[in-house]
*Asks:* 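Quick one: the structure is below, questions incoming.
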Amino acid sequence: MSFSAFKYIYMEKRIRVRFAPSPTGPLHIGGVRTALFNYLFARHHGGDFLLRIEDTDQTRYVPGAEEYIMEALDWCGITIDEGPREGGPHAPYRQSERKEIYAAYAQQLVDSGHAYFAFDTADELDVLRSAAEAKGETFTYNNVSRNQLINSLSLTAAECAERIGRGDHYVIRFKMPDHVMVEKTDLIRGNVRFNTDQLDDKVLYKSDGMPTYHLANVVDDHLMEITHVIRGEEWLPSLPLHVLLYKAFGWEDTMPEFSHLPLILKPAGKGKLSKRDGDQLGFPVFPLAWKDPVTGDVSRGYREDGYLRDGFINMLSLLGWNPGTEQEIFSMQELIAGFTLERVGKSGSRFDPEKTRWFNHQYMMRTAADELVEMFMPLLAARGIATDRDLVLKVVGMVRERCTFVQEIWDQGFFFFEAPQGYDEKIVAKRWKDDVPEMMAEIARFFGQVVIWEPVALKNEFSSFVNQKGWNFGTIMNSLRLCLVGGSFGPDIFEICGVLGKEESIRRIEVAVQKIIPA
RNA sequence: GGUCCGUUCAUCUAAGGGUUAGGAUUCAAGAUUUUCAUUCUUGCCAUAGGGGUUCGAAUCCCCUACGGACUACCA
């Protein structure tokens with residue numbers, strides 16, 4: 001065992017992971033899950049979670065995307081230890097601000113013979129690509145083609161110096177070695193092997209003076225002392241390049257461990273989950289709503305759609321990970337305690353909007369009532385309803401289990417805030433027979449005599465009253481409900497009466513008797 | 001096309017050679033709730049196919065099929 005391995009295992013090197021999104025738009029739930037798994041892994045091991053913005057492609061930069069990413073992580077309860085906003089010992093955490101760092105490392109690779117300058121323009125390469133395609137072949141910039149192309153391997157040193165001297169644009173490419181088997185253990189998938197003969201000479205440093213992802217991520221992960229790279233499966237094909245880069249830099253001893261997360265797939269059909277799926281099937285694919293700065297299109301978000309943060313996280317955590325037990329409701333603390341990479345699956349998970357709704361319903365029943373009130377008050381305000389917290393708290397307590405989303409609290413309990421505007425016709429047809437108005441009127445008079453206006457007492461008194469009258473309970477209760485709420489829904493009748501108060505309850509019965517035309 | 005990864009109920013998944021293949025969601029039926037919801041009970045439904053290895057395979061190996069990712073001076 002090498003000393004470094006010894007050190008790694010026994011000295012309990014501090015675990016450091018990073019979430020490294022590109023600010024090209026809103027974070028997709030796949031990205032949120034990647035962030036979550038990184039975060040859970042870091043916290044489980046008492047390590048650090050960093051946010052690094054990979055904005056090396058200026059052409060794809062989208063204003064507001066970076067802020068969106070941070071706000072989304074904030075909403076999710078994923079706290080960042082080091083990042084562009086938080087700062088930290090390895091600042092800056094935005095790659096565009098680290099531009100100068102990469103040039104030297106690229107040069108180091110050229111000097112050591114692991115990379116070379118290439119002067120072919122993007123247009124020239126496009127021509128070669130389409131020509132190859134026309135012949136049914138694929139053009140690859142690699143060990144067989146590079147000698148026929150324009151680069152510091154095919155040119156003399158003087159020619160290169162001249163081109164660089166006169167300001168020709170160039171890129172720096174990795175010189176992929178011949179006949180090498182690159183083998184690496186992925187913590188989720190086990191051993192993966194690649195033959196370098198199948199790989200190409202990837203661009204490491206672009207002609208605009210920016211590094212590509214490949215160079216920047218390896219350099220930064222090294223500099224930032226990242227111990228574990230946990231990223232999406234789409235990166236697996238570039239793993240051999242990254243491993244080779246660590247070796248070329250002489251950083252093999254501190255190379256991080258790699259784990260590639262399975263993809264999140266469409267609910268139906270083929271392929272990975274996309275924004276279109278959400279639009280078509282009516283569920284958000286983004287944590288927060290997003291307005292495209294160019295088109296002005298607005299995409300819905302979990303937060304705005306009334307999903308609860310903890311339920312959203314719980315649902316995401318189970319997409320690809322499982323605890324090995326039958327528990328499925330987890331707080332963030334429980335997720336942290338239970339999360340291990342060993343229990344992350346290898347196969348892609350189809351996203352299930354139905355299960356997501358189920359989770360939300362579960363959390364509607366579990367979330368602290370105060371929190372629900374906090375979310376619901378603005379919705380009331382938007383409807384122009386001014387009311388006090390105490391009433392809202394009571395209402396939330398009574399209707400929460402009937403709701404899947406926060407906004408449904410209104411559908412299930414609007415009658416606590418305003419008298420019903422109309423009466424459900426189906427229920428009227430079913431319950432409002434000719435003799436009902438008179439019975440309701442009697443009930444109103446009975447209510448007027450009740451002294452202790454409190455659900456349990458009221459129920460008892462009301463029951464004896466109805467029994468004494470010899471009325472049918474089912475008819476009475478349902479008709480009474482119709483008077484109070486306008487339909488056939490809502491919590492216990494006597495609970496409703498209790499909150500509405502004696503006068504209002506009576507008033508609603510009287511109004512109903514006036515307004516409802518017997519079927 | 002090439003490289004790599006994957007494949008257990010419709011969906012999320014458990015079972016790392018020996019279980020009637022377990023749980024959850026959805027759906028259906030019933031009980032409770034004099035509405036609805038909750039809760040509870042029950043039911044339907046799976047090891048992609050074919051070969052091995054083994055006393056014994058969802059589990060290990062091979063082939064096929066299917067799915068996916070990647071194949072840019074994007075990440």
Side-chain angles (χ1 to χ4, degrees), chain A residues 20-24 54-57 59-60 95 118 120-122 125-126 129 133 136-141 169-173 186 188-190 192-195 197-200 202-214 216-217 231-240 260 262-263 265 267-268 270-272 315 318-329 342-343 345-359 361 364-365 398-404 412 427 431 463 466 472-478 480-482 485 487-493:
Chain A
S22 186
T24 54
E54 311 233 329
D55 55 350
T56 53
D57 185 357
T59 64
R60 293 214 307 160
Q95 288 183 330
D120 323 84
T121 66
L125 294 176
D126 280 344
R129 258 184 214 105
E133 205 175 322
E137 293 164 7
T138 309
F139 168 76
T140 314
Y141 210 121
H169 283 289
Y170 64 86
V171 299
I172 295 176
R173 285 183 181 269
D186 177 291
I188 292 171
R189 282 151 215 286
V192 250
R193 294 155 50 101
F194 301 85
N195 185 333
D197 291 337
Q198 310 290 346
L199 273 22
D200 62 343
K202 275 274 177 304
V203 171
L204 300 177
Y205 197 79
K206 298 184 276 184
S207 60
D208 65 358
M210 278 287 198
T212 60
Y213 169 82
H214 303 294
N217 114 72
R231 77 229 296 197
E233 191 184 335
E234 66 270 25
W235 293 111
L236 196 50
S238 45
L239 178 61
H260 293 89
L263 264 19
L265 278 10
K270 300 176 174 186
K272 61 177 180 180
M315 174 279 290
L318 259 16
L319 234 41
W321 173 82
N322 79 81
T325 66
E326 285 176 3
Q327 181 180 355
E328 53 189 348
I329 300 296
E342 291 74 52
R343 295 220 62 95
K346 303 187 229 271
S347 51
S349 324
R350 229 176 241 287
F351 181 74
D352 184 358
E354 210 54 59
K355 188 106 183 211
T356 308
R357 292 167 56 85
W358 179 81
F359 270 112
H361 182 223
M364 280 300 292
M365 294 189 284
M398 283 186 277
V399 306
R400 60 191 307 178
E401 70 184 15
R402 277 157 247 265
C403 305
T404 300
Q412 290 292 329
I427 308 301
R431 303 289 181 190
S463 301
V466 172
N472 175 286
F473 239 106
T475 311
I476 294 299
M477 294 295 276
N478 287 296
L480 179 54
R481 179 177 291 280
L482 184 64
V485 311
S488 163
F489 54 86
D492 180 80
I493 293 267

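Chain identifiers are assigned alphabetically (A, B, ...) following the order of the sequence lines, protein sequences preceding nucleic acid strands; residue numbering begins at 1 within each chain. What you see is a predicted model, and the numbers here were worked out from it, not measured in a lab.
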*Asks:* Checking all strands, does A/His214 fall into the base, sugar-phosphate, or nothing category for heavy-atom contacts under 4.0 angstrom?
*Replies:*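 Nothing, no heavy atom under 4.0 Å.
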*Asks:* Classify A/Gly136 by what it touches in the nucleic acid, base, sugar-phosphate, or nothing, heavy-atom distance under 4.0 Å.
*Replies:* nothing
*Asks:* Would you classify A/Asn472 as touching base, sugar-phosphate or nothing, given that sugar-phosphate means primed atoms plus P, OP1 and OP2, and contacts are heavy atoms under 4.0 Å?
*Replies:* nothing
*Asks:* Using purine N1 to pyrimidine N3 plus N6-O4 or O6-N4 for Watson-Crick, or N1-O2 and O6-N3 for G-U wobble, both under 3.5 Å, which nucleotide pairs with B/A48?
*Replies:* B/U64
*Asks:* Of the candidate nucleotides B/A75, B/C5, B/A72, which contains the atom at the shortest distance from the side chain of A/Trp235?
*Replies:* B/A75
*Asks:* Using a 4.0 Å heavy-atom cut-off across all strands, classify A/Pro491 as base, sugar-phosphate, or nothing.
*Replies:*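 Counting heavy atoms under 4.0 Å across all strands, the contact made by A/Pro491 includes a base.
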*Asks:* Give every pair of a protein N or O atom and an N or O atom of nucleotides 12-15 of chain B that lie under 3.5 Å apart, one pair per line with the distance.
*Replies:*
unit_1 : atom_1 : unit_2   : atom_2 : d
B/C12  : OP1    : A/Arg350 : N      : 2.7
B/C12  : O2'    : A/Leu318 : O      : 3.2
B/U13  : OP1    : A/Gly320 : N      : 3.0
B/U13  : OP1    : A/Ser349 : OG     : 2.5
B/U13  : O3'    : A/Asn322 : ND2    : 3.1
B/A14  : OP1    : A/Asn322 : ND2    : 2.6
B/A14  : O3'    : A/Arg343 : NH2    : 3.3
B/A15  : OP1    : A/Arg343 : NH2    : 3.3

*Asks:* In terms of ring plane angle, is the pair A/Trp235 and A/His214 parallel, tilted or perpendicular, where the classes change at 30° and 60°?
*Replies:*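 Plane angle over 60°, so perpendicular.
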*Asks:* What nucleic acid atoms does A/Asp197 come within less than 4.0 Å of, heavy atoms only: base, sugar-phosphate, or nothing?
*Replies:*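 No contact at all - A/Asp197 keeps every heavy atom at 4.0 Å or more from the nucleic acid.
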*Asks:* Is the phosphate of B/C73 approached by A/Arg173 (side-chain N or O, under 4.0 Å from OP1 or OP2)?
*Replies:*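 Yes, A/Arg173 has a side-chain N/O under 4.0 Å of OP1/OP2 on B/C73.
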*Asks:* Could you work out which one of B/C74, B/G6, B/G23 sits closest to the side chain of A/Arg189?
*Replies:*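 Given the options B/C74, B/G6, B/G23, the side chain of A/Arg189 is closest to B/G6.
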*Asks:* Under 4.0 angstrom, heavy atoms only, what part of the nucleic acid is A/Thr121 near: base, sugar-phosphate, or nothing?
*Replies:*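 Result for A/Thr121 = base.
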*Asks:* Ignoring the backbone of A/Leu236, work out which of B/G68, B/C4, B/U3 is nearest its side chain.
*Replies:* B/C4
*Asks:* Out of B/C4, B/U39, B/C73, which has the shortest distance to the side chain of A/Val192?
*Replies:* B/C4
*Asks:* With respect to the side chain of A/Arg60, which nucleotide from B/C73, B/G1, B/A75 is positioned closest?
*Replies:* B/A75
*Asks:* Counting heavy atoms from C-beta on, name the nucleotide in B/C5, B/U71, B/U35 closest to the side chain of A/Lys202.
*Replies:* B/U71
*Asks:* Could you work out which one of B/U26, B/A69, B/U35 sits closest to the side chain of A/Arg481?
*Replies:*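 Per side-chain heavy atoms of A/Arg481, the pick is B/U35.
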*Asks:* Measure from the side-chain heavy atoms of A/Arg402 and tell me the nearest of B/G68, B/A37, B/U39.
*Replies:* B/A37
*Asks:* If only side-chain N and O atoms of A/Ser22 are considered, is one of them under 4.0 Å from the OP1 or OP2 phosphate oxygen of B/C74?
*Replies:*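 For A/Ser22, the contact criterion (side-chain N or O under 4.0 Å from OP1 or OP2 of B/C74) is not met.
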*Asks:* Among the candidates B/C70, B/C5, B/C73, find the nucleotide nearest to the side-chain atoms of A/Arg129.
*Replies:*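 Side chain of A/Arg129 sits closest to B/C73.
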*Asks:* For residues A/Ile427 and A/Asn478, determine if any side-chain heavy atom of one lies less than 4.5 Å from a side-chain heavy atom of the other.
*Replies:* no
*Asks:* I want to check a possible cation-pi pair here: A/Arg402 against A/Phe489, using under 6.0 Å from ring centre and within 45° of the ring axis as the test.
*Replies:* no
*Asks:* Salt-bridge test for A/Asp200 and A/Lys202: reply yes if a basic N is under 4.0 Å from a carboxylate O, no otherwise.
*Replies:* yes
*Asks:* Among B/G23, B/A72, B/U38, which nucleotide sits nearest the side chain of A/Glu401?
*Replies:*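 Nearest to the side-chain atoms of A/Glu401, counting from C-beta on, is B/U38.
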*Asks:* Counting any heavy atom closer than 4.0 Å, what does A/Ser488 reach on the DNA or RNA strands: base, sugar-phosphate only, or nothing?
*Replies:*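 Base, at least one base atom sits under 4.0 Å.
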*Asks:* What contact category does A/Val171 fall into here, base, sugar-phosphate, or nothing, at under 4.0 angstrom with non-hydrogen atoms?
*Replies:*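 Result for A/Val171 = base.
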